[in-house]
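So the structure is just underneath, and the comments pick up after that.
Scope of the values below: all heavy atoms of this structure, side chains included, with no hydrogens, waters or symmetry mates. Reminder, nothing fancy here: chain letters follow the sequence lines and each chain counts from 1.
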Amino acid sequence: MGYDFQAIEAKWQKVWEERKSFEVETEPDKKKFYCLEMFPYPSGALHMGHVRNYSMGDMLARFLRKKGMNVLYPMGFDAFGMPAENAAIKYKTKPHDWTWRNIEHETNQSKRMGYSYDWRRRVETCNPNYYRWNQWIFLQMYKKGLVYRKHAPVNWCETCGTVLANEQVVNGACWRCEKPVVKKSLEQWFIKITDYAQELLDNIDTHLTGWPERVRIMQRNWIGRSEGARLSFRAEELDYTIEAFTTRFDTVYGITFIALAPEHELVSAMIAKLPKEEAARLSDFVAQCAAQSSIERSDAGAEKRGFATPFTGTHPVTGKPIPIWIANYILMDYGTGAIMGVPAHDQRDFDFCRKYGIPVIPVIQPAEGAALDGTTMTAAFEEDGVSCNSGQFDGLPTQDAIRKMINWGEEKGYCSREVNFRLRDWLISRQRYWGTPIPFVHCPSCGVVPVSEDQLPVLLPEDVQVVDVGRSPLLDMPEWLETTCPVCGGKARREAETMDTFFCSSWYFDRYCSPGFDKGPFDAKDTDYWMPVDQYIGGIEHACLHLIYARFFTMFLSDIGLLKPEVREPFTNLLTQGMVIKDGAKMSKSLGNVVDPTEIVEKYGADTVRLFILFASPPQNDLDWSEQGVEGAHRFLNRVWRFVEENLDSLKQTGGEFVPMSKLSDPAQRDFKRKIHGTIQSVTRDIDEEKQFNTAIARLMELTNALYSFRPADEIGYALRREAVEVLLNCLSPFSPHIAEELWQMLGNETLLSKTSWPILDKDALAADSVVIVVQVNGKVRAKLSMSAGIDEARLKERVMSDPQVHEKIAGREIVRVIAVPDKLVNIVVKG
RNA sequence: GCCGGGAUGGCGGAAUGGUAGACGCAGUGGACUCAAAAUCCACCGAGGGCAACCUCAUGGGAGUUCAAGUCUCCCUCCCGGCACCA
């Protein structure tokens, strides 16, 4: 009859759907497991990366169901975003229509793979029943003071026609289109994610122990905590107090200049105060700095340029006047946008001072070697040493000096302790159409005011033609734009900007718990049961994007009581899968090395594709696509099929109880029984603990090989063979569920294999009867002796030392020592 | 520059400090066949030997250990993240 995978896969997909095999409910008395994958953007079709991601998740979900868990395993679509607008222009359609068509197509693709999602829970972020809760959550954040508008230099992507959050700028370029990003001064919406910086950092150590070390380090770096102090310089002529942050208060006596970022607010006051000609030169300088791209600005090797102002600030400790400069290497968005310049101990300051002839005063001397001289040094001394030129602190080692001087500074009021983070507030607004409308209106008399909660959702018009990427069509829809003010009832204009789509993806996993709920974003009775996610699977590229935003959301939702207090983190365990590579490069349209999953599934079947993709590489590694490898996986499934088909009669005749190890006397049968249970043990461990799916599959291949070589001679032999086939199919079914289900049925089983418990391990069947003892001489393998298992150390030594073969290898040399590891090895150390 | 991760056959990859190379891919030889496909059997790190076996081998070098792919130190190369963050 042959392995007709097309018919089999269609058949079982239908059965599972009709029997609602994978639908789950909140059942507090059952042990739950929440298995989640990063939901896709519906760009048209699922690619191999998705297939890899979801094949892992589905395998785990199916495995855990068999282990008796109540498994929540949902799927949805991250459906708002730029590509829909671009596609709408290109194909002369509407983002709404394009997106929904793709959602339906990709859902069907997913079903064709046999993934066991509870499809009733599908979430689409572009659905008003979802994004209304985006708007609602945004208003809750506003109420808690976490939402604000700020006029600031922001990252602007010309190609996408929108601003970007810090996390979305990768090497100075847009994360999506990879075009350079420029700074633009705009008034934008921000969320105070920095209020949570400390908890985001602390929880990495306390809560994220189930995450890859790599991701934890990346997040720690991204949050970037540094401890130091804030100090101020009074600039009397300008009637202004300049604040600066430093991590090296111990170098305070080495300050020789103050530098401000060109965007610093004091700069315009200076321009106003300066004589016309000099004011013009300063404006010019500031304009030149602004013209630099963010890539140039952030290049450490770039030339440092400065402008000497005639103004000074008062040194907080010595009271001396310190000249104020404007410098292009000072960043406005870190610290205060002003620094204390200590050229002797900071390389950047040093470079700057040498260029402009500013004095260099060492305040730390190396513990050993020649003393530093400010006039002759060629580089800043940034290591630890001993303080000098620092009054009462002279002679202190650097670490002591840092501690003591900051205490002293605080006591005397020279400084105040401060912690700074590299993490910036989240710029949430986008100048785009296809997104969640920000639920605010602009009223000429009341200002920017929130839409009242009972007016949600602010619907996004769906019947919209996008013609130009440069301008949101919402701006040209007066019927949508014009509204009334929720406060005064007067004429007002809607906020036409939409939310960053990362807002949508920061809580979708909560929504899966109660997808139909309409009294809030989700029902606490469901999230209290299901959250947090037990296993999350997705790409490493979200390490400092989605995976930080979602953590912040969870903390916030927990703080306002929507999630229970103990849920502070959304994802207990994280698995980051590698990319799918072909011909040495990531599959991409531009390289033309894309393999379409649909075609491969048609040719080999979903079971083969799933098996290959999990077998070819461990989950975290990149996976090299190889059609020959796919054929190998297909061959294996064929082998399993053929075995059952060819031996069906004898397999069916021996149903019932399996023979326990104690009833087996034939060595071949005992070995085979051991192989069966050894397979259960290692497959279970590989999936559950090691997350090494490739080796789990290798074990199943070994069992299949053993099945082919085992020759049953009696009834017990046939019963063992039946046991082996059942174990094989059961263990195979999370990987290749359709073929396993079909063969299971062919054996005469009436229950669904998908609903059948994982095989029970018989520990008695694991113990070996005989073992091969490796005999080493001076650590080199010299002989292998077979003996029965469980011999103690003394008897083992005795047996090995009396063996003639071993004698020959020692050849009369003097025995210094004998090390014996029972059931394993004996190492004889000899001299000469 | 700083912080991570890695380097094992022709390839993907296995190896609680205890037989290096499981499993698969590719390859070689054979069986079946008129022939091919499919399938099955054998071989498959390098060198030496008729053989039993021996020597070398996990990027390079040292060290710890009875024993190191695995632990420690140094070096080389690759990959990733951060980077004028005060």
Could you state the CZ-C1' distance from A:Phe245 to B:C85, rounded to the nearest angstrom? 9 Å

Which is true for A:Gln347 with a 4.0 Å heavy-atom rule: it touches a base, it touches only sugar-phosphate, or it touches nothing? nothing

Rounded to the nearest Å, what distance is computed from the CG atom of residue A:Leu825 to the P atom of nucleotide B:A15? 20 Å

Separation of the P atoms in B:C73 and B:C3, to the nearest angstrom: 14 Å

Indicate, with a heavy-atom threshold strictly under 4.0 Å, whether A:Asn420 touches base, sugar-phosphate, or nothing. nothing

If you only use heavy atoms from C-beta on, which nucleotide in B:A26, B:U19, B:A14 is closest to the side chain of A:Gln692? B:A14

Name the pairing partner of B:U72, where a pair is Watson-Crick or G-U wobble with both distances under 3.5 Å, or state none. B:A62

For B:U19, which nucleotide is its Watson-Crick or G-U wobble mate, given both distances must be under 3.5 Å? none

Strictly under 6.0 Å, is that where the ring centroids of A:Phe257 and A:Tyr356 end up? no

Taking atom P in both B:G21 and B:C44, what distance in whole Å separates the two? 12 Å

For the pair A:His542 and A:His546, name the ring-plane relationship: parallel under 30°, tilted 30 to 60°, perpendicular over 60°. perpendicular

Please report the distance, rounded to the nearest Å, between CG in A:Leu623 and P in B:C25. 15 Å

Need the pair for B:A14. Rule: Watson-Crick or G-U wobble, both distances under 3.5 Å, any strand; none if unpaired. none

Assign A:Arg214 to base, sugar-phosphate, or nothing according to its heavy-atom contacts below 4.0 angstrom with the strands shown. sugar-phosphate

Can you check side-chain hydrogen bond (donor to acceptor under 3.5 Å, both in side chains) on A:Arg639 and A:Asn705, steps first, answer last? CA-CA 9 Å; A:Arg639 244 164 95 71; A:Asn705 292 342; 2.7 Å; yes

Inter-nucleotide P distance (B:G18, B:G69), Å rounded: 10 Å

What distance, rounded to whole Å, do you find between the two P atoms, one in B:C11 and one in B:U16? 23 Å

Give a yes/no on whether any side-chain N or O of A:Asn705 is located under 4.0 angstrom from OP1 or OP2 of B:G24. yes

Would you check if A:Ile819 and A:Gln776 make a side-chain contact, meaning some heavy-atom pair closer than 4.5 Å? no

Under a 3.5 Å distance rule, please check whether A:Arg424 uses its side chain to pair with a backbone N or O of A:Arg422 as donor and acceptor. yes

For nucleotides B:G61 and B:C43, find the distance between their C1' atoms and express it as a whole number of Å. 37 Å

Distance check, C1' atoms only: B:C53 and B:G60, in whole angstrom units. 31 Å

Below 4.0 angstrom from OP1 or OP2 of B:C23, is there any side-chain N or O of A:Asn694? no

Rounded interatomic separation in angstrom, taking NZ from A:Lys809 and P from B:C54: 4 Å

A:Gln620 side chain near B:G5 phosphate (N/O to OP1/OP2, under 4.0 Å): no

Looking at B:G1, which nucleotide sits across from it as a Watson-Crick or G-U wobble partner, both distances under 3.5 angstrom, or is there none? B:C82

For A:Val829, answer base if it contacts any base atom (sugar-phosphate contacts may also be present), sugar-phosphate if it contacts only those atoms, and nothing otherwise; contact means non-hydrogen atoms under 4.0 Å. sugar-phosphate

Of all the nucleotides listed (B:G18, B:A86, B:U39), which has the minimum atom distance to the side chain of A:Ile819? B:G18

A:Lys675 side chain near B:A22 phosphate (N/O to OP1/OP2, under 4.0 Å): no

Which residue lies more 5' along RNA chain B, comparing A:Val781 with A:Gly335 via nearest heavy atoms: A:Val781

Report the base-pairing partner of B:A35 (Watson-Crick or G-U wobble, both distances below 3.5 angstrom), or none. none

Could you work out the separation of B:A22 and B:U72 based on their C1' atoms and round it to a whole Å? 29 Å

Geometric cation-pi criterion A:Lys304 and A:Tyr329, 6.0 Å radius, 45° cone: yes

Atom CE of A:Met579 and atom P of B:G81: how far apart are they, to the nearest Å? 10 Å

Tell me whether the OP1 or OP2 atom of B:G12 has a side-chain N or O from A:Lys582 closer than 4.0 Å. no

So A:Arg699, base contact, sugar-phosphate only, or nothing? Heavy-atom distance under 4.0 Å. base

With a 4.0 Å cut-off on heavy atoms, is A:Gln776 in touch with a base, just the backbone sugar-phosphate, or nothing at all? base

How close or far is atom C1' of B:A68 from atom CG of A:Asn827, stated in whole angstroms? 13 Å

Side-chain donor/acceptor of A:Lys780 to base of B:U55, under 3.5 Å: no

If the glycosidic angle is within 90 degrees of 0 it's syn, otherwise anti, so just tell me which one B:G9 is. syn

Given B:G18, B:C85, B:A14, identify the nucleotide with an atom nearest to the side chain of A:Lys824. B:G18

Assuming nearest nucleotide by heavy-atom distance, tell me which of A:Ala633 and A:Ile217 is located more 5' along RNA chain B. A:Ile217

Checking A:Tyr708 against A:Phe643 for the ring pair (Phe, Tyr, Trp, His ring centres under 6.0 Å) test, could you report, in this order, the C-alpha distance in whole Å, the side-chain angles of both residues, the deciding distance, and whether it holds? CA-CA 8 Å; A:Tyr708 268 96; A:Phe643 187 87; 5.1 Å; yes

Taking atom types as they are modelled, would you say the side chain of A:Asn221 forms a donor-acceptor pair with the base of B:C82 within the 3.5 Å cutoff? no

Under a 3.5 Å distance rule, please check whether A:His807 uses its side chain to pair with a backbone N or O of A:Met801 as donor and acceptor. yes

My understanding is that a pair needs two contacts under 3.5 Å, Watson-Crick or G-U wobble. By that rule, which nucleotide pairs with B:C40? B:G30

B:A86 phosphate, OP1 or OP2, under 4.0 Å from A:Arg422 side-chain N/O: no

Side-chain N or O of A:Arg635 versus OP1/OP2 of B:A38: is the shortest distance under 4.0 Å? no

What I want to check is whether an N or O donor and acceptor connect the side chain of A:Arg424 with the base of B:C85 at under 3.5 Å. yes

Taking every non-hydrogen atom, the tightest pair across A:Leu574 and A:Pro212: O-CD, 3.4 Å

Atom CZ of A:Arg52 and atom C1' of B:G12 are separated, to the nearest Å, by 11 Å

Under 3.5 Å donor-acceptor, A:Gln168 side chain and A:Cys174 backbone: no

Rounding to the closest angstrom, what is the interatomic distance between B:U58 and B:A46 at atom P? 15 Å

By the 4.0 Å heavy-atom rule, please label A:Thr247 as base, sugar-phosphate, or nothing. sugar-phosphate

Using only side-chain N and O atoms of A:Ser617, determine if any of them is under 4.0 Å from OP1 or OP2 of B:G13. yes

Kindly say if A:Arg782 contacts the phosphate of B:U55, meaning a side-chain N or O under 4.0 Å from OP1 or OP2. yes

In whole Å, I'd like the distance from the NZ atom of A:Lys355 to the P atom of B:C84. 18 Å

